[in-house]
Amino acid sequence: MHETVAKIANNIERVLVGKSEVVRIAMVTLLSEGHLLVEDVPGVGKTSLAKALARSIDCPVSRVQFTPDLLPSDITGVSIYNRETSQFEFRPGPVFANIVVGDEINRASPKTQSALLECMEEHQATVDTTTYHLDRPFMVIATQNPVEMEGTYALPEAQRDRFSARVSIGYPDQQAELAMIDEHAGHDPLGDLQPVSDARHVQAMAETVRRVHIAAELRQYAVELITATRNAAEVRLGASPRATLHLVRAARAQAALSGREYVVPDDIHAVVIPVLAHRLVLTTEAQASRQTDVDVVRAVLQRVPVPRGAR
């Protein structure tokens, strides 16, 4: 498992230079069977991260460019009448893949965005009263630009809550940018990537992560962190019970990446901001005082005591 994860991470870092922390969160999301929201300004490699992760796994991959005229049936599929057989035939959409890359998801209408709700949570798609199950592993990697708001539709809370983690790539430092110039000067490294794993192996690794032990004290700690977000004065809407499950799953994946069969408090601390921050809705006063969702999560970490001697 460690060897495969390292190969996938190295593959991604050939494309996304100098962003090992971002790659770590992507791997945690993959192993915890979650979905990743990549939110950042244009040109920092949001789509490259999604495509590099998808190409590193030898399994069906689809990409959807979200636009205002995109329809829900363009994602889930549509039933077409066959005159020869006098029956309707289902033509599956791009959601019927192991890795679904949704580029600029906030450019589609809320009706189209909602087509992913059932797929992300229940791993199935219902079209014309018929339910079709999606193959595992199933992961949605969506990108969005938080700056350019013209012609976009903000993700509703129900949609944001289904993303296990949110990550922002940020600008590279000078050395990483120089290395990127050298790497991308003569060819496109994304086109040279070869798969280093497959769907069966990824699913086996995800099942291994489920067996990572988390002590009762740490489960209680996770619940206390979630409760603290709901009671914080800066928060209008705190984290949901789904967030609790995602936090525990991500902590297990982080422990597995660290080579342990059990979770420690540092594993929770390593994933708590990517898992919780995007789910919080701040009050008007908090926004006016320039506080961010990340600031609130950090304040919650300071207020909730860390358990000692958990087993």
If only atom types and distance count, is the side chain of [X] paired as donor or acceptor with the main-chain N or O of [Y] below 3.5 Å?
| X | Y | result |
| --- | --- | --- |
| Asn106 | Ala154 | no |
| Asp267 | Val264 | yes |
| Arg279 | Asp161 | yes |
| Arg230 | Ala239 | yes |
| Arg252 | Val248 | no |
| Arg219 | Ile214 | yes |
| Lys19 | Tyr171 | yes |
| Asp128 | Thr130 | no |
| Asp40 | Ile169 | yes |
| Glu104 | Asn145 | no |

Counting only heavy atoms not in [X], do more than 12 sit closer than 6.0 Å to its [atom1] atom?
| X | atom1 | value |
| --- | --- | --- |
| Glu261 | CD | no |
| Arg200 | CZ | no |
| Gln302 | CD | no |
| Arg91 | CZ | no |

Any side-chain heavy-atom pair of [X] and [Y] under 4.5 Å:
| X | Y | answer |
| --- | --- | --- |
| Glu39 | His278 | no |
| Val196 | Thr4 | no |
| Arg136 | His123 | yes |
| Phe163 | Met120 | yes |
| Val271 | Arg24 | yes |
| Asn11 | Arg55 | no |
| Met139 | Ile99 | yes |
| Leu116 | Ile105 | yes |

Taking all atoms of both residues into account, what is the closest heavy-atom pair of [X] and [Y], and its distance?
| X | Y | result |
| --- | --- | --- |
| Thr76 | Ala115 | CG2-O, 3.9 Å |
| Leu237 | Glu157 | CD2-CG, 4.2 Å |
| Ser48 | Val15 | CB-CG1, 3.8 Å |

In terms of hydrophobic clustering (I, L, V, M, F, W, Y; side-chain heavy atoms under 4.5 Å; direct or indirect links), are [X] and [Y] co-clustered?
| X | Y | value |
| --- | --- | --- |
| Ile25 | Val38 | yes |
| Val212 | Leu245 | no |
| Tyr132 | Leu117 | no |

When rounded to the nearest 0.5 angstrom, what is the spacing between [atom1] in [X] and [atom2] in [Y]?
| X | Y | atom1 | atom2 | answer |
| --- | --- | --- | --- | --- |
| Gln254 | His269 | CD | NE2 | 12.0 Å |
| Ile268 | Leu218 | CD1 | CG | 5.0 Å |
| Arg210 | Leu31 | CZ | CG | 11.5 Å |
| Ile75 | Thr112 | CD1 | OG1 | 6.0 Å |
| Leu225 | Gln220 | CG | CD | 10.5 Å |

request  = Evaluate the criterion side chain to side chain donor-acceptor pair (under 3.5 Å) for residue pair Arg107 and Gln65; output intermediate values, then yes/no.
outcome  = CA-CA 9 Å; Arg107 290 202 175 276; Gln65 180 65 54; over 6 Å; no
task = Decide, yes or no, whether a salt bridge links Glu3 with Lys7 under the criterion of side-chain N to carboxylate O below 4.0 Å.
result =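 Judged by the 4.0 Å cut-off on N to carboxylate O distance, Glu3 and Lys7 do form a salt bridge.
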ask   = Is the shortest side-chain N to carboxylate O distance from Arg166 to Asp293 below 4.0 Å?
value =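 Looking at Asp293 together with Arg166, the answer is yes, because their closest N to O distance falls below 4.0 Å.
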task = Go through the side-chain N and O atoms of Thr143 and Asp103 and say whether any donor and acceptor fall under 3.5 Å apart.
result =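 The answer is yes; a qualifying pair exists.
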inquiry  = Let's go through Cys59 and Asp198 carefully: what are the C-alpha distance in whole Å and the side-chain angles of both, what is the deciding distance for side chain to side chain contact (heavy atoms under 4.5 Å, CB included) to 0.1 Å, and is it a yes or a no?
reply    = CA-CA 6 Å; Cys59 59; Asp198 54 24; 5.9 Å; no
task = With side chain to side chain contact (heavy atoms under 4.5 Å, CB included) as the test, would you mind laying out the steps for Val78 and Val127 before giving the verdict?
result = CA-CA 7 Å; Val78 64; Val127 181; 5.8 Å; no
message = Using 30° and 60° as the class boundaries, would you call the ring planes of Phe138 and His35 parallel, tilted or perpendicular?
response =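 Correct class here is perpendicular.
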inquiry  = Is there a side chain to side chain contact (heavy atoms under 4.5 Å, CB included) between Ile57 and Asn98? Walk through the geometry before answering.
reply    = CA-CA 9 Å; Ile57 304 171; Asn98 293 118; over 6 Å; no
request  = Check the pair Glu13, Ser20 against side chain to side chain contact (heavy atoms under 4.5 Å, CB included), reporting the backbone distance first and the verdict last.
outcome  = CA-CA 7 Å; Glu13 290 186 24; Ser20 57; 3.6 Å; yes
